[in-house]
Structure formats: C-alpha cells, structure tokens
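Data block below; observations after.
Just follow the structure's listing: the first ligand is 1, and inside any ligand the first atom is 1.
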Amino acid sequence: MPAEEKLPHYSDDLSKPFRLDTSTTYVDGGSGDRYWRDYLQLQCFPIDRFAPDWPAKPDAFSGGLAAYAVALQELAATVLELVAEGLGLDKSFFLGELIGGGTLMNVNWYPPCPDPSLTMGLVPHCDRPLLTVLSQGDVSGLQAKHRGRWIDVHPVPNAFVINLGHLMEIVTNGLLHSVEHRAVTNSSAARLSVVSIIMPEMDSRIEPLPALVSEEKPPKFRPFLFREFNEAYTAAAANREDVLRLFMIHPSDTIGSQN
Ligand code: OGA
Ligand code: NI
C-alpha cells in the first residue's frame, strides 16, 4: 500500500485494535534502543468482534485474515489439547478462559539491514500466553535460547513454529518452560513473519495447576490476575527472568534453564 494510505494507521497506542508501528513498544531499560522492524498489530479473533476494525483495503485482506484466524484458532486448540493430554490432564483443560481473551496478531516485516551487527529485528523476549503460533516464511532470522546459547530456528516449509509462553511455564509450575527468542536481521533479504498470540481473559486467575502441585513440588508462583501480569510484562520489557521473578513465591530461587 502507498505510504499515504498507511500513515493514518501508525500509532503506539496499544489499545488500538489495528495499528502500524516500528521497533517495539517495550521500554528497554531506558536504553532507547530501536529495532529493525516494521509491524502491523491487530486483533484477529473473535472475528465478529474485531473485523469491523480491520481496514477495507487491500480488497483481499479481510477475507483472507478471517479464514486464517479461524484455522489458526483450531490449530492452537488442537496443540493445547495434546499438551493437556501429555500432562495427564483433561483434554479440554486449557480451552476455557486461558485462551478466551482473543487473539492478537503481529505481522512483522524486517527489511534488509545494511549492518546486522548494529541492531536486531526484535529484542530477546518470551511471549505472554500459553502459546503463540509463528509462521516465518522462508527467510531465517528467528533464534531461540537453548542451554544459554542462541540457536537458529530455520524455517521448515509449510510448518508453523509453536512457542510456549510465560503462562505455560507458570500454570505447569515450571514443568514446561517458556522459550526465550529473538529475531536477528540480515543484509540481503527482507523477512516477513506472522505471529498469533492466543491471549487469556484479562480477569482470568493464573496459578500453578493444583494437579501439578504437591508436597514435593510446592507451587513456585503465586496466584494473580492476567491483567496484572500484562502490565508487569510491558514494564519489564518482556525479559524472561525479570518477568517470572515478579510472580515467584521465592524470587531468589534460580529460574530453570531452557532446554
Ligand atoms: C514475536 C516474535 C519472531 C519473529 O513477534 O513475538 O517473536 O521471527 N517474532 O518474527
Ligand atoms: Ni515472540
């Protein structure tokens, strides 16, 4: 779309259901760092509620997005059913308010960067919810932290990447870990990624699942409302350890390494 058509949508107001922006809205320790990223952020599910806020142009946008959002929601529900089954829980365990807060979508565009050593596409972070679903096209750039080292997560044709988020770590009392990830830039090819963030309801109460807590495995996290978490997450610039520590019962405990 020409710049003049896009311009009215630029905003850093997170409450807007559809907006364009650059870099990230995290206040990164006051460093003023900026990131090599343009993005479109929108609420994509439930469709009835949010489609009226989507732009009318280009013509194919709304129809394509609606179809994608429905299929995406089904995929996420299936994965969550499998995770619940794997944990020995009722299959539908995660399907209520923990995913009932609507789905937020980031469409990230990382233009070629003349000197990738000077900036990143996206700051290291963990996503907020139980899980996010990422489609990363065919250009590499996603990295995940594995045993203290950043490893490339190269695209697999026609496959999604599922990232477990902070809430999965908290509700499973640390059994499943949220994955810290970032996006790096490259100097030759632009990269597009589509990230769908399946949010809990703002008023849902989050705590380690009683079924996964015992005398030998006492709860590591205190109960809280997602609303509180959401504010803390933005303030802590999404940093994995800073965010988790705010909700730990014994903040001095070490936070499990990722594997
Ligand atoms: C995100 C994210 C990674 C990528 O938007 O939360 O982690 O590869 N994106 O664009
Ligand atoms: Ni992410």
Side-chain angles (χ1 to χ4, degrees), residues 12 14 16-28 33-45 65 68-69 72 75-76 79 99 101-113 116 119-146 150-170 176-200 229-230 232-244 258:
D12 55 11
L14 298 185
K16 288 232 156 112
F18 181 95
R19 64 189 188 91
L20 296 173
D21 204 357
T22 64
S23 187
T24 160
T25 50
Y26 306 136
V27 197
D28 193 9
D33 288 354
R34 305 286 294 169
Y35 297 91
W36 202 260
R37 166 188 183 233
D38 289 328
Y39 67 103
L40 186 164
Q41 185 171 75
L42 57 83
Q43 298 280 356
C44 73
F45 194 89
L65 180 59
Y68 186 88
L72 195 283
L75 171 68
V79 172
I99 62 164
T103 297
L104 187 67
M105 180 182 278
N106 284 342
V107 182
N108 301 308
W109 176 251
Y110 307 100
C113 179
T119 186
M120 256 182 287
L122 199 55
V123 58
H125 67 280
C126 290
D127 298 335
R128 281 168 283 179
L130 292 175
L131 58 78
T132 55
V133 181
L134 169 81
S135 163
Q136 58 166 345
D138 52 12
V139 179
S140 293
L142 177 66
Q143 296 187 328
K145 207 166 215 183
H146 179 65
W150 290 106
I151 55 160
D152 293 323
V153 183
H154 292 299
V156 174
N158 302 313
F160 291 101
V161 174
I162 307 284
N163 278 324
L164 300 187
H166 281 299
L167 291 200
M168 187 62 94
E169 177 149 354
I170 292 168
L176 299 177
H177 289 168
S178 63
V179 62
E180 193 172 9
H181 54 284
R182 67 182 188 182
V184 294
T185 56
N186 75 78
S187 58
S188 53
R191 175 166 181 265
L192 177 79
S193 70
V194 181
V195 179
S196 302
I197 308 164
I198 323 282
M199 296 285 271
F229 178 89
N230 205 38
Y233 177 86
T234 309
N239 178 283
R240 177 182 146 81
E241 301 201 347
D242 292 351
V243 174
L244 285 179
Q258 298 148 321

As a test of understanding, state which of Lys145, Gln143, His125 forms a side chain to side chain donor-acceptor pair (under 3.5 Å) with His181.
His125

Mind checking what residues have non-hydrogen atoms under 4.0 angstrom from ligand 1?
Asn106, Asn108, Tyr110, Leu122, His125, Asp127, Leu134, Leu142, His181, Arg191, Ser193, Val195

Nearest 0.5 Å please: distance from the OH atom of Tyr233 over to the CG atom of Asp242.
12.0 Å

Among Val194, Leu142, Asn106, which one satisfies side chain to side chain contact (heavy atoms under 4.5 Å, CB included) with Leu134?
Leu142

Please tell me whether Asn230 and Arg128 have a donor and an acceptor in their side chains that are separated by less than 3.5 angstrom.
yes

Criterion side chain to side chain donor-acceptor pair (under 3.5 Å) against Arg240, the qualifying member of Glu169, His166, His177:
Glu169

Scan Tyr68, Phe160, Phe45 and name whichever one has a side chain to side chain contact (heavy atoms under 4.5 Å, CB included) with Ser196.
Tyr68

First locate atom CG of Asp12, then atom CG of Asp21, and finally report the distance between them rounded to the nearest 0.5 Å.
5.5 Å

Only protein N/O/S atoms count here: give how many lie under 2.8 Å from the Ni ion (ligand 2).
3

Any idea which heavy atoms bring Val195 and Asn108 closest together, and the distance?
CG2-ND2, 3.7 Å

Counting only heavy atoms not in Asp152, do more than 12 sit closer than 6.0 Å to its CG atom?
yes

